Amino acid sequence: MSDIKVTLALPPYPDDRWELARQMGVEYAHPHTAMGEAGLGSGDVRVDHVPRDYDELLRLINAFENVGLEVPVVGPAGTISDTTRLGRDGRDEDIAAFCEHLKHVGAVGVPVVTYSWMTRFWWMRTGERVPLRGNSLSTEYNHEQSERGPKEPIDASEEDLWDNLAYFLERVVPVAEDAGVKLALHPDDPPLSPVRGVPRIITSPNAYDRVLELQPSEANGISFCVGNFVAMETDVPAMVRHFDDRIHYAHFRDVEGDPESFVEVWHDEGPTDMRAVLAAFKDIDFDGPMRPDHVPTMQGETNERPGYEMKGRIFAVGYMRGLLESL
Ligand SMILES: [Mn+2]
């Protein structure tokens, strides 16, 4: 069996969720933004909780390690902003800060940095209280409803975003290689362009082919968010095999619908054969981190963090481990 690292997004400070992870036998943690302050709705561009300072980062990693949680992936520590994505003045300073972060991450032994190229909007939803079985609560996206809202005043095209991504990768990939760190680009969610006048580019398998060709280095890779590849209406196991060793991180989730209208669903009742997806990851000998992403909110939870409450993730970890054992 390939050694897929079943991982949980956890807050960058110890609380019940660290203990619950350990009680489930989870050995890997992604210190994650959405686990911190509550009440940030989807669509916000959130500040990363991973510290830029080397010593603070080291202490964070050691805090996890000291309780038996290895950190196989972190975010960009807030160094990648729309300044870089839109190619505005100041991007060279931001890219330099990101390169410093890569060196720190490599020095503390974390092998993967995940990032996205979504401008202005992060993962975007039009509903955060969609009832699923037993009145569990999920999220949804409806493009037609969303597009009736105000357009963002952004003077940039898709080609501008591509140019800026190429500029970024040209400068950071060699640094990542030297640091022993692999970059993992997350798809745009929803995988559509434009959204409210904002261009988006990481919306299809062809887009990923183009990304990987920009810098043909193993350090230039993918965060394979399964739900987005479902929303892109692709053959997900075939995509896993296609991108193969350029996949450095994976998100376990499923959606029902199409790019313009979808609902996040329970992992065990969605349209996707999640066992076949995991079988494909096994086929490519994927040994990186994979974590549940966007789970339903369950009874007794506040839905303060839609998609990231804990009980649904406990269920998801059990389901993932069961499927992995069945392979
Ligand atoms: Mn994801």
Side-chain angles (χ1 to χ4, degrees), residues 4-10 28-36 40-46 48-50 72-76 80 112-119 121-125 128 138-141 182-192 195 200-205 207-208 211 221-234 236 239-240 243 246-257 259 262-267 270-272 274 277-278 280-281 286 288-297 305-310 312-313 315-317 319-320:
I4 294 174
K5 295 180 171 69
V6 176
T7 302
L8 267 188
L10 290 173
Y28 301 95
H30 173 181
H32 197 269
T33 56
M35 299 299 113
L40 296 170
S42 62
D44 291 325
V45 176
R46 303 175 196 204
D48 202 319
H49 282 168
V50 174
V73 56
V74 293
I80 304 175
V112 177
V113 169
T114 182
Y115 72 108
S116 79
W117 213 250
M118 286 179 268
T119 304
F121 303 111
W122 199 32
W123 66 292
M124 196 175 186
R125 292 295 182 268
E128 295 177 338
S138 186
T139 65
E140 65 185 333
Y141 180 73
K182 293 172 184 168
L183 301 170
L185 176 59
H186 189 283
D188 296 357
D189 184 357
L192 291 173
V195 171
R200 316 255 276 189
I201 57 173
I202 312 302
T203 55
S204 68
Y208 270 117
V211 170
I222 298 174
S223 280
F224 194 102
C225 185
V226 171
N228 283 97
F229 281 85
V230 175
M232 291 173 201
E233 302 182 300
T234 63
V236 179
M239 288 298 106
V240 171
F243 291 114
R246 302 294 283 279
I247 301 174
H248 302 321
Y249 188 23
H251 288 178
F252 187 79
R253 54 179 272 249
D254 196 9
V255 303
E256 181 134 44
F262 59 83
V263 176
E264 296 274 347
V265 290
W266 285 96
H267 296 103
T272 307
M274 299 302 272
V277 172
L278 291 180
F281 276 98
F286 180 70
M290 177 186 288
R291 70 164 173 84
D293 198 12
H294 303 180
V295 298
T297 297
R305 300 178 186 86
Y308 287 98
E309 298 284 11
M310 194 65 193
R313 294 191 295 138
F315 178 87
V317 166
Y319 189 61
M320 283 173 73

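Counting starts at 1 for both ligands and their atoms, in listed order. Note that this is a predicted model, so its numbers are computed, not measured. By convention here, the first residue in the shown sequence is residue 1.
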Inset, instruction - Report yes if some heavy atom in the side chain of Arg246 is under 4.5 Å from a heavy atom in the side chain of Tyr208; otherwise report no. - result: no
Legend entry - Residue pair Ile201 / Thr203, side-chain heavy-atom distance below 4.5 Å: no
Legend entry - Of Met290, His30, Lys182, the residue whose pairing with Tyr249 passes side chain to side chain contact (heavy atoms under 4.5 Å, CB included): His30
Legend entry - His294: which of His251, His267, Arg125 passes side chain to side chain contact (heavy atoms under 4.5 Å, CB included): Arg125
Inset, instruction - Could you pull out the N/O/S protein atoms under 2.8 Å of the Mn ion (ligand 1), ignoring any water? - result: His186 NE2, Cys225 SG, His251 ND1, Asp293 OD2
Inset, instruction - Compute the centroid of each ring, for Phe286 and then for Phe224, and state whether the two points are separated by less than 6.0 Å. - result: no
Inset, instruction - Take the angle between the ring planes of Phe315 and Tyr319 and call it parallel below 30°, perpendicular above 60°, tilted in between. - result: parallel
